[in-house]
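Remarks on the structure that follows.
This is a predicted model, so every value here is computed, not measured. Residue indices begin at 1 and follow the sequence shown. Order of listing sets the numbers, starting from 1, for every ligand and every atom in it.
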Amino acid sequence: MNDRFLRACRRETVDTTPVWYMRQAGRYQPEYREIRKKYSLIDIVKIPELCVEVTTLPVQQLNVDAAILFSDIMVPLDPIGMPFEIRSGIGPVVDHPIQALADVERLHDLDPNDLSFMTETIKILSRELPVPLIGFSGAPFTLASYMIEGKPSRDYLKTKAMMYSDPKTWFALMNRLEKTIIDYLEIQVNAGAKALQIFDSWAGALSPDDYREYVLPTVQRIFQGISHLDVPKIYFGVGTGELLFDLKQTGADVLGVDWRVPLKEASPRIGNEIAIQGNLDPALLLAPWDVLKQKAMEIIDAGREHSGHVFNLGHGVFPTASVDTLKRLTEFIHEYGQRV
Ligand code: CP3
């Protein structure tokens, strides 16, 4: 088993910089687009053979050092009583958004039997993959934003309005998600996931004060609740440069950062007790090779100075990226990242 990803997460020595890409399975791959002609995203998630194939494809194609379970942050919501759809061209849409305390009180605990498709997929993957499998969950703020807005949002006005004007409902929702996320992640590790990532993609929309008051305590309790699981735990958000001092308090082993903060600057903000993951602007995948290569070198060099660096994009691969570019980039990272 290639373990350089896990070693970097644990801040141990590595032979070269490990790399994987958020959304490394997706529409930029012709094979994925072909499968999506016949199956919905949720079909793929729920059919173990298909899910194994889609999760494994980028490992074979790109030679990345970790696989991430093909799923979506919305998946645990249906089993707690919040049905949703993933609409093409829009994203996740929920049938009945949370508006009041009663809507939160209607939600219930996860029943692992409702997630047997996931357990089965993870068991197969952990047997067959040549690299560690990352399990994941959405974080409470990011999940709450979909549950309250009902669909993707730019400004999170309904979500913030609830935080400020109905803290009782907000914190009831936070408590519900805390329990759900802990249970969900534990199921994944018990099935064989070797690392966990918590996606708080939209946490960067909050001021540091609001993050500390309305979100951080729940995130801390989640990391506390999964601390007995002996796998590296990654916390990732977009636009979190100003939150990095607070994110050190979450309990994560690795912090994922986007490209808005140079890795050289993120590194001292995070400190050497926590590994770092990131942070190439995914738009650079469309740049000429020399431009892309230069940026990748800067990130690898900055990462070498930090105790524990996993190369990644600052956010997900987008549909117009090319498999060949990602393959070449991966090869270059492994070559240039070599420790002598
Ligand atoms: O390879 C992987 O990274 C694993 C698969 C994965 C998906 N979603 C599949 C998916 C992962 C890790 C996610 C997480 C996810 N989902 C996040 C957090 C990460 C991030 O990007 O910030 C969020 C916010 C979501 C919610 C979500 N799901 C949105 C906003 C969308 C629409 C965006 C789009 O690109 O269309 C989805 C749909 C979705 N989830 C796709 C994929 C591959 C789109 C492609 C499709 O419909 O086939």
(message) Can you confirm if the NZ or CZ of Arg221 lies within 45° of the ring axis of Phe171 and under 6.0 Å from the centre of its six-membered ring?
(response) no
(request) Please identify which atoms of ligand 1 are closer than 4.0 Å to at least one heavy atom of Phe199. (result) 12 (C), 18 (C), 19 (C)
(request) Enumerate the atoms of ligand 1 whose separation from the nearest heavy atom of Leu69 is less than 4.0 angstrom. (result) 4 (C)
Give a yes/no on ligand 1: does [X] have at least one heavy atom closer than 4.0 angstrom to it?
| X | result |
| --- | --- |
| Tyr21 | no |
| His315 | yes |
| Val238 | no |

Looking only at atom types and distance, does a side-chain atom of [X] sit under 3.5 Å from a main-chain N or O of [Y], one as donor and one as acceptor?
| X | Y | value |
| --- | --- | --- |
| Asn279 | Gly314 | no |
| Gln220 | Gly251 | no |
| Arg269 | Phe245 | no |

Is it true that [X] and [Y] have a side-chain N and a carboxylate O under 4.0 angstrom from each other?
| X | Y | answer |
| --- | --- | --- |
| Lys327 | Asp324 | no |
| Lys37 | Glu34 | yes |
| Asp230 | Lys194 | no |

(request) Would you tell me whether Arg260 and Thr240 have side-chain atoms, one donor and one acceptor, within less than 3.5 Å of each other? (result) no
(message) Please determine whether the number of non-hydrogen atoms from other residues, nucleotides or ligands lying under 6.0 Å from atom CD of Glu31 exceeds 12.
(response) yes
(request) With heavy atoms under 4.0 Å as the rule, classify the contact between Thr55 and ligand 1 as side chain, backbone, both or neither. (result) neither
What is the nearest protein non-hydrogen atom to [atom], stated with its residue, atom name and distance?
| atom | value |
| --- | --- |
| atom 12 (C) of ligand 1 | Phe136 CZ, 3.5 Å |
| atom 26 (C) of ligand 1 | Pro92 CG, 3.6 Å |
| atom 24 (C) of ligand 1 | Tyr146 OH, 3.4 Å |
| atom 38 (C) of ligand 1 | Ile86 CG2, 3.6 Å |
| atom 6 (C) of ligand 1 | Ser71 O, 3.2 Å |
| atom 18 (C) of ligand 1 | Ser201 OG, 3.3 Å |
| atom 28 (N) of ligand 1 | Asp72 OD1, 2.7 Å |
| atom 10 (C) of ligand 1 | Leu41 CD1, 3.5 Å |

Nitrogen or oxygen atoms of [X] and ligand 1 under 3.5 Å apart:
| X | value |
| --- | --- |
| Trp202 | no |
| Arg27 | yes |
| Arg23 | yes |
| Ala25 | yes |

(message) Quick check: Phe236 with Phe136 (ring centres under 6.0 Å apart)?
(response) no
(message) Minimum heavy-atom separation for Pro76 and Asp72, please, with both atom names.
(response) CD-O, 4.2 Å
(message) Please compare Ile198, Ile44, Ile73, Asp200 and report which has the shortest non-hydrogen distance to atom 23 (C) of ligand 1.
(response) Ile73
(message) Please compare Ser88, Gly91, Pro58 and report which has the shortest non-hydrogen distance to atom 32 (C) of ligand 1.
(response) Gly91
(message) Please report the interatomic distance CG(Asp65) to CZ(Phe5), rounded to the nearest 0.5 Å.
(response) 9.0 Å
